[in-house]
Amino acid sequence: MKKIILTSLTIFSVCLSIIAQDITLPAPDKKGGKPLMQALNERQTTRSFTDESLTPQQLSDLLWAAFGINRADQKKRTAPSAMNYQEIDVYVAMPTGLYQYLGESHTLKLINNKDLRKTTGTQAYVNNAALNLVYVADMGKAGKKEGVKIDDSDLFMSYSDAAFIAQNVYLYCASANLGCVVRGSIPKEKLAAEMGLKSNQYIILAQTVGFPKK
Ligand SMILES: Cc1cc2nc3c(=O)[nH]c(=O)nc-3n(C[C@H](O)[C@H](O)[C@H](O)COP(=O)(O)O)c2cc1C
């Protein structure tokens with residue numbers, strides 16, 4: 001009997017560790033990192049990665065640098081956005097699942113438990129890098145409900161807003177000795193379907209992040 005209970009408990013805890021769930025991130029380290037001029041000097045694109053995961057602290061710092069809240073009283077962020085719409089949602093594709101970064105709570109909300117890294121791009125390195133960020137413009141936050149026509153001039157601001165976030169990520173990676181590449185090569189239709197996006201949510205850019213292969 002004791003053996004059965006012990007075996008059941010072991011199976012239960014193994015299942016728990018496999019089932020993906022929301023992730024509470026540690027507080028970001030806002031004092032660390034290289035001086036800005038040094039990070040700018042080291043900013044570069046990397047296209048070859050090991051399969052090592054980021055530590056929870058690195059993940060926290062990366063996402064806060066990308067588009068975290070830096071003025072809590074005004075709910076404003078580390079990157080600017082046109083009209084302060086803050087319409088870019090940062091999704092994170094990791095082996096344990098697809099998550100959405102929520103800046104206000106500094107948490108990762110589980111969207112689904114599929115490893116979508118491969119589906120975020122067309123180049124081989126996306127498969128094994130630690131994670132892929134996907135920048136999605138939620139035009140609902142810019143006053144465009146589902147069904148309302150959206151044209152290039154509506155999306156123009158979102159392309160700019162996402163690019164600021166991508167540069168923040170480049171600078172964080174340079175500062176933390178991580179590698180990254182911002183990408184336009186994305187199978188958008190397929191990825192949008194896998195992510196379960198609505199018709200007024202547009203994939204703008206993606207960015208692969210991980211440990212550079214030496
Ligand atoms: C909007 C944009 C889209 C890009 N798309 C890709 C891409 O799909 N795949 C890729 O390997 N690199 C992509 N890059 C990275 C550029 O190729 C890279 O920035 C350029 O070669 C300069 O290298 P550096 O970033 O090291 O200065 C993209 C860069 C930008 C700004």
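From a predicted model like this one, the values you see are computed outputs, not experimental measurements. Counting convention: from 1, in listed order, for ligands and their atoms alike.
- Side-chain contact between M195 and I203 is present, with at least one heavy-atom pair separated by less than 4.5 Å.
- Heavy-atom proximity to R47, at under 4.0 Å, picks out these atoms of ligand 1: 10 (C), 11 (O), 12 (N), 15 (C), 16 (C), 17 (O), 18 (C), 21 (O).
- Nearest non-hydrogen protein atom to atom 1 (C) of ligand 1 is L205 CD2, 4.1 Å.
- Per-residue contacts place Q123 under 4.0 angstrom from the following atoms of ligand 1 (heavy atoms of the residue considered): 7 (C), 8 (O), 9 (N), 10 (C), 11 (O).
- For ligand 1, the atoms sitting less than 4.0 Å from at least one non-hydrogen atom of T45 are 18 (C), 19 (O), 23 (O), 24 (P), 25 (O), 26 (O), numbered in the order shown with element in parentheses.
- Aromatic ring pairs are classed by plane angle as parallel below 30°, tilted from 30° to 60° and perpendicular above 60°; the pair H106 and Y101 is perpendicular.
- To the nearest 0.5 angstrom, T122 atom OG1 is 7.0 Å from R183 atom CZ.
- By the 4.5 Å heavy-atom criterion applied to side chains, L155 and M139 are counted as neighbours.
- Per-atom contact check: atom 22 (C) of ligand 1 does not touch the protein, criterion being a heavy-atom distance below 4.0 Å.
- Using modelled atom types, one side-chain atom of R117 and one backbone atom of A129 make a donor-acceptor pair closer than 3.5 Å.
- Cation-pi geometry between R47 and Y125 is not met at under 6.0 angstrom from the ring centre and within 45 degrees of the axis.
- For atom 14 (N) of ligand 1, the closest heavy atom belonging to the protein is V182 O, 3.1 Å.
- The local environment of CD in E189 is sparse, with at most 12 non-hydrogen atoms from other residues, nucleotides or ligands closer than 6.0 Å.
- Considering G121, A206, A166, G184 only, the shortest heavy-atom separation from atom 5 (N) of ligand 1 involves G184.
- In the vicinity of Y125, heavy-atom distances shorter than 4.0 Å reach the ligand 1 atoms 9 (N), 10 (C), 11 (O).
- At the shortest separation from atom 27 (O) of ligand 1 among protein heavy atoms lies R43 NH2, 2.6 Å.
- Heavy-atom contacts of V181 reach the following atoms of ligand 1: 10 (C), 11 (O), 12 (N) (cutoff under 4.0 Å).
- The S185 neighbourhood of ligand 1 comprises atoms 7 (C), 8 (O), 9 (N), with distances under 4.0 Å to a heavy atom of that residue.
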